[in-house]
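Source: prediction; values computed, not measured. Below, chains carry the letters A, B, ... as their sequence lines are ordered, and counting in each starts from 1.
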There are 2 protein chains.
Amino acid sequence: MLPPKSPLQILRSADLRPTRQRLSLAKMLFVECDQHVTADWLYNKALSNGVSVSLATVYNTLNQFTKKGLLRHIIVDSNSSYFDTNTNHHHHFFFEGTGQLKDIPSDVIKIHGIPLLPDGATIDRIDIIIRVR
Amino acid sequence: MLPPKSPLQILRSADLRPTRQRLSLAKMLFVECDQHVTADWLYNKALSNGVSVSLATVYNTLNQFTKKGLLRHIIVDSNSSYFDTNTNHHHHFFFEGTGQLKDIPSDVIKIHGIPLLPDGATIDRIDIIIRVR
DNA sequence: CAATACTTTTGAACGATTCTAAAATAAAAA
DNA sequence: TTTTTATTTTAGAATCGTTCAAAAGTATTG
């Protein structure tokens, strides 16, 4: 188990300038870790924490973090877009009633029988969503 | 192999009034079958076939058909929402470059190790999307 | 055919997200 | 430091896919 990184270290190693906004958002995401987060939820959490940040910056930051591999973007249905602070390979339960997601560690689920890919194609990732009601 | 149903029969058995618009859309979807269809694509196909129908009706109809189990709605990412004319249980390749989907029959892929569900919960369906680039 | 129920249409409204370009801030250079 | 340059943030407008509202049209029932 590696020691947890500070927001500053996280931004440094992702090659992103440690601005006030990014540091605050990184802290909310990776220190006070909440797993499955929407842009709106993070924006409101920032506001209620007294962190002054615009919604556009929340979106920018979530997208930058995703591009740098610090977050994983999960789209479950047309009105549920989450950012997942767990970037390890894993799967999800989706509770249709509440809109909640719950992790399934990748090592408990086994898949086999994946058909051959077309020439030159490579698997980027495999998403399994078990929809539960 | 059952004989293919006519648009009229499809609408009848789904308990939907056979209007001109629904008959045309059903024909495009289930007779001149195109598998993975967006609302916009269907709207334009209708127009170029000389079928006069509004975009709102295309959306209404796709949603009604989905609710009646004639279509399956697949959301792959924030800007790719498809309706699948194959409602049998199956999975998908998603080609990130082109945005195309390709079916994987459910019987070729095997999963096991699904964790126990919380009390009272039941699995609605399992979606596997293999993202390929 | 008249009455009722449902469907379609247009255009406005919506919510989530992205864009724009001006103001602010960070980093690098002097 | 101070200045310069590069990057980031911001507010608000714009965009996109989709849904809504209410009036007009069409199917079904009696």
Side-chain angles (χ1 to χ4, degrees), chain A residues 7-29 36-47 49-68 70-83 99, chain B residues 7-29 36-47 49-68 70-71 73-84 99:
Chain A
L8 183 60
Q9 291 171 318
I10 292 169
L11 294 179
R12 284 262 156 75
S13 60
D15 218 8
L16 291 168
R17 284 193 185 176
T19 64
R20 183 176 57 70
Q21 290 84 342
R22 292 209 270 235
L23 284 165
S24 302
L25 295 175
K27 177 156 170 264
M28 293 190 269
L29 289 168
H36 305 114
V37 157
T38 65
D40 195 61
W41 180 93
L42 184 60
Y43 176 61
N44 283 296
K45 172 147 175 167
L47 293 192
N49 284 1
V51 172
S52 130
V53 64
S54 72
L55 184 55
T57 296
V58 170
Y59 275 103
N60 287 341
T61 303
L62 287 171
N63 289 333
Q64 288 156 352
F65 284 8
T66 301
K67 194 175 298 173
K68 297 292 187 171
L70 300 174
L71 292 173
R72 180 172 141 189
H73 196 184
I74 304 170
I75 286 105
V76 183
D77 67 17
S78 24
N79 36 31
S80 319
S81 172
Y82 295 95
F83 293 86
Chain B
L8 183 59
Q9 291 171 318
I10 291 169
L11 293 179
R12 284 261 155 75
S13 60
D15 218 10
L16 290 167
R17 284 192 184 175
T19 64
R20 183 176 56 71
Q21 292 83 342
R22 292 210 271 234
L23 284 165
S24 302
L25 295 175
K27 178 157 170 262
M28 292 191 268
L29 288 168
H36 305 113
V37 158
T38 65
D40 195 61
W41 181 93
L42 184 60
Y43 176 61
N44 284 296
K45 172 146 174 167
L47 294 193
N49 284 1
V51 173
S52 130
V53 64
S54 72
L55 184 55
T57 295
V58 170
Y59 275 103
N60 288 341
T61 303
L62 287 171
N63 288 334
Q64 288 156 353
F65 284 8
T66 301
K67 195 175 296 172
K68 297 292 186 172
L70 300 175
L71 292 174
H73 196 183
I74 303 170
I75 287 105
V76 183
D77 68 18
S78 24
N79 36 29
S80 319
S81 173
Y82 295 95
F83 293 86
D84 193 338

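In this structure, B:S52 reaches the sugar-phosphate backbone alone: every heavy-atom distance under 4.0 Å involves primed, P, OP1 or OP2 atoms, never a base. Residue contacts shown for B:T19 are limited to sugar-phosphate atoms, with no base heavy atom under 4.0 Å away.
Atom pair A:L47:CG and D:dA11:C1' shows a separation of 14 Å (rounding to whole Å applied). A straight line from CG of B:D15 to C1' of D:dA27 spans 14 Å, rounded to a whole angstrom. Taking atom NZ on A:K68 and atom C1' on D:dT7, their separation rounds to 13 Å, with Å as the unit. To the nearest angstrom, P of D:dT26 lies 18 Å from CG of B:L11. Atoms CZ (A:R17) and P (C:dT25) sit 14 Å apart, rounded to a whole Å. When rounded to the nearest whole Å, the span between CG of B:L55 and P of D:dA21 equals 18 Å. One interatomic measurement links the two molecules: OH of A:Y43 to P of D:dT9, which rounds to 15 Å at whole-angstrom precision. One interatomic measurement links the two molecules: CG of B:L23 to P of D:dT26, which rounds to 15 Å at whole-angstrom precision.
Not one side-chain nitrogen or oxygen of B:N60 sits closer than 4.0 Å to the OP1 or OP2 atom of C:dT7. Between D:dT19 and B:Y59, no contact under 4.0 Å exists linking OP1 or OP2 to a side-chain N or O. One finds no side-chain N or O of B:S81 lying less than 4.0 angstrom from the OP1 or OP2 phosphate oxygen of D:dG17.
Shown here is B:K45, whose NZ atom has more than 12 heavy atoms of other residues, nucleotides or ligands within 6.0 Å.
Closest heavy-atom contact between A:L25 and A:T57: CD1-O, 4.4 Å.
Closest approach to the B:Q21 side chain among C:dA5, C:dT8, D:dT10 is made by C:dT8 (side chain taken as heavy atoms from C-beta onward).
When side chains are defined from C-beta on, B:F65 counts as touching B:L11, because their heavy atoms get closer than 4.5 Å.
The residue among B:A56 and B:P18 whose nearest nucleotide of DNA chain D is located toward the 5' end is B:A56. Remark on DNA chain D: of its neighbouring residues B:R20 and B:D40, the 5'-side contact belongs to B:D40, judged by nearest-heavy-atom nucleotide.
Ring planes of A:Y82 and A:H36: perpendicular class, angle over 60° (limits at 30 and 60°).
Formation of a donor-acceptor pair under 3.5 Å by the B:R20 side chain with backbone atoms of B:S52 is found in this model.
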